[in-house]
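Accompanying notes for the structure given below.
Computed from heavy atoms alone, side chains included, the values below leave out hydrogens, waters and symmetry copies. So you know, we letter chains A, B, ... as the sequences are listed, proteins then strands, and number each from 1.
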2 protein chains.
Amino acid sequence: MPSDRPAARRPYAARMPLEERREELLDAALRVLVRDGYGRLTISAIAAEAGVTRPVVYDAYGGIDPLLHALLDRTRQRALDATLALIPTGGVRIELDRWMLEAADGLLRAAQSDPETWRPVLGLIDGAPPVVRERTEGTLALVRGFVADVLRTNLDPGTELDVEVVAHSLVALVQEFARLLLTRPDEYPKERLLAAYAGILALRRRP
Amino acid sequence: MPSDRPAARRPYAARMPLEERREELLDAALRVLVRDGYGRLTISAIAAEAGVTRPVVYDAYGGIDPLLHALLDRTRQRALDATLALIPTGGVRIELDRWMLEAADGLLRAAQSDPETWRPVLGLIDGAPPVVRERTEGTLALVRGFVADVLRTNLDPGTELDVEVVAHSLVALVQEFARLLLTRPDEYPKERLLAAYAGILALRRRP
DNA sequence: GCCAATTACTACACGGGTGTAGATTCGCAC
DNA sequence: GTGCGAATCTACACCCGTGTAGTAATTGGC
């Protein structure tokens, strides 16, 4: 062999302005996250997934923490937008039973149509570090607040209920349904879950 | 200084037969786990917490995986024992509403009295790897099965309900209450949670 | 076509956890 | 009290991810 080739230089990845690169890195990071969990969400893995070398990631985000922060922000915003679209605000009066069903339906649809966003949000990704729990909890608190408002506005005046705990319960319940839908869709398709939910709600009227 | 002391040998930890050492290591591991999460549950950290050197841990368990497995087994068994004690088996007939309240009360008591066992079981420890989710899910499936049996045995014959989904919901609800109790006891003391729960159940009778 | 700024890559040092081989000490049995 | 086996410790090599300084290629503007 005449030339012991000097470690074959890696072909350059397509160049990209910083902002665009940042978005692409977030996309790559989300793929890694959903596929492998937080435990394997490393700078190395993200760079490999995006087809670039690690310094590119450092130039774009400075480290895993800012990157994760940005990823959580983007994901949170998407999920929150979809969720708040289902909740009437500003003291609008609605029919509670009907709304609870429609909102559940809407949320299950959202989760089903964009699982990459919702799996992390629903806590279905393994290895979540504390920062994830904190941020998720903050978002959930917001949603629970809106749900509680809806309840206060629309519950029969006579009803004595701990609205905050009930809001907690409703949100937890719908979340659990969404988890079932995403993890065992064959066993628990949307129709089954909604029918069961309707059955539970109906107990309130048929003594 | 006459003697440049040769790195001061570490004092020996008290010797212990293997089985006893294993238990002590599990205790240490549980403390580390609850305090720092799965992300910091390393052989090094466990050895330090137990006051021994790493080879002791390797001799006792062979690595982090067998140790974690043993720890999960022990924790799971404790939680499962406490839980199954609350669920009537073998087709015994009971009064459903009363039982649901008593069982919730019992579980909240259990969680409150032994948080080190229940925090991991309730998913309150950060950074759980896939194996934890799998094992927890298996245990939950068992519990849900028993709850579903109770429902089948004691629901009014006329009631048309998706018993499996309802069991899922009940278990998820009580779990959520337990999480609230352990993470925000001042805001959500046991009495408040149980009162709210009773209120929700009561809706079934007061139309 | 060429140049310069921008973007990407190579190469290094570091830190922390893993796993193991071999030396050392403890403490029970006799 | 003294062995001797069991239990513990020391010391090493290894891997993998981090973070950065310096080098090289690309590409848009002229």
Under 3.5 Å donor-acceptor pair, [X] side-chain atoms to [N] base atoms:
X: A:Arg9; N: D:dA25; result: no
X: B:Arg10; N: D:dT10; result: no
X: B:Arg15; N: D:dT8; result: no
X: A:Arg54; N: D:dG17; result: no

Query raised in the report: When you check the gap from the basic side-chain N to the acidic O, do B:Arg40 and B:Glu49 get nearer than 4.0 Å?
Result: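 No salt bridge links B:Arg40 with B:Glu49.
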Query raised in the report: With a 4.0 Å cut-off on heavy atoms, is A:Thr42 in touch with a base, just the backbone sugar-phosphate, or nothing at all?
Result: sugar-phosphate
Expressed as a whole number of angstroms, how long is the span from [X]:[atom1] to [N]:[atom2]?
X: A:Leu18; N: D:dT27; atom1: CG; atom2: C1'; value: 17 Å
X: B:Arg21; N: C:dG27; atom1: CZ; atom2: P; value: 11 Å
X: A:Glu20; N: D:dG28; atom1: CD; atom2: P; value: 12 Å
X: B:Tyr12; N: D:dT8; atom1: OH; atom2: P; value: 10 Å
X: B:Leu41; N: C:dT18; atom1: CG; atom2: C1'; value: 14 Å
X: B:Ile43; N: C:dT20; atom1: CD1; atom2: P; value: 11 Å
X: B:Asp36; N: C:dG17; atom1: CG; atom2: P; value: 11 Å

Requested in this report: Identify which one of A:Glu20, A:Glu19, A:Glu24 satisfies the side-chain contact (heavy atoms from CB on, under 4.5 Å) criterion when paired with A:Arg22.
Outcome: A:Glu19
Requested in this report: Using side-chain contact (heavy atoms from CB on, under 4.5 Å) as the criterion, point out the one residue from A:Val143, A:Leu142, A:Val150 that pairs with A:Phe146.
Outcome: A:Leu142
Query raised in the report: Between A:Gly51 and B:Pro55, which is nearer to the 5' end of DNA chain C once each is assigned its nearest nucleotide?
Result: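 With B:Pro55 and A:Gly51 compared, the 5'-side residue is A:Gly51.
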**Report entry** For DNA chain C, the residues among residues 58-74 of chain A that have a non-hydrogen atom under 4.0 Å from it
**Finding:**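 Heavy-atom contacts with DNA chain C come from no residue of residues 58-74 of chain A; none.
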Report summary line: Heavy atoms of B:Leu173 and A:Ser169 approach each other most closely as CD1-CB, 3.4 Å
**Report entry** Nearest heavy-atom neighbours spanning A:Leu26 and A:Leu67
**Finding:** CD2-O, 3.9 Å
Query raised in the report: Would you say a side-chain N or O of A:Thr53 is under 4.0 Å from OP1 or OP2 of C:dT10?
Result: no
**Report entry** Aromatic centroids of A:Tyr61 and A:His69 separated by under 6.0 Å
**Finding:**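 They do not qualify: ring centres at least 6.0 Å apart.
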Query raised in the report: Under the 3.5 angstrom rule, does the side chain of B:Thr75 hit a backbone N or O of B:Leu71 as a donor-acceptor pair?
Result: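 Side chain of B:Thr75 to backbone of B:Leu71, a donor-acceptor pair under 3.5 Å: yes, one is there.
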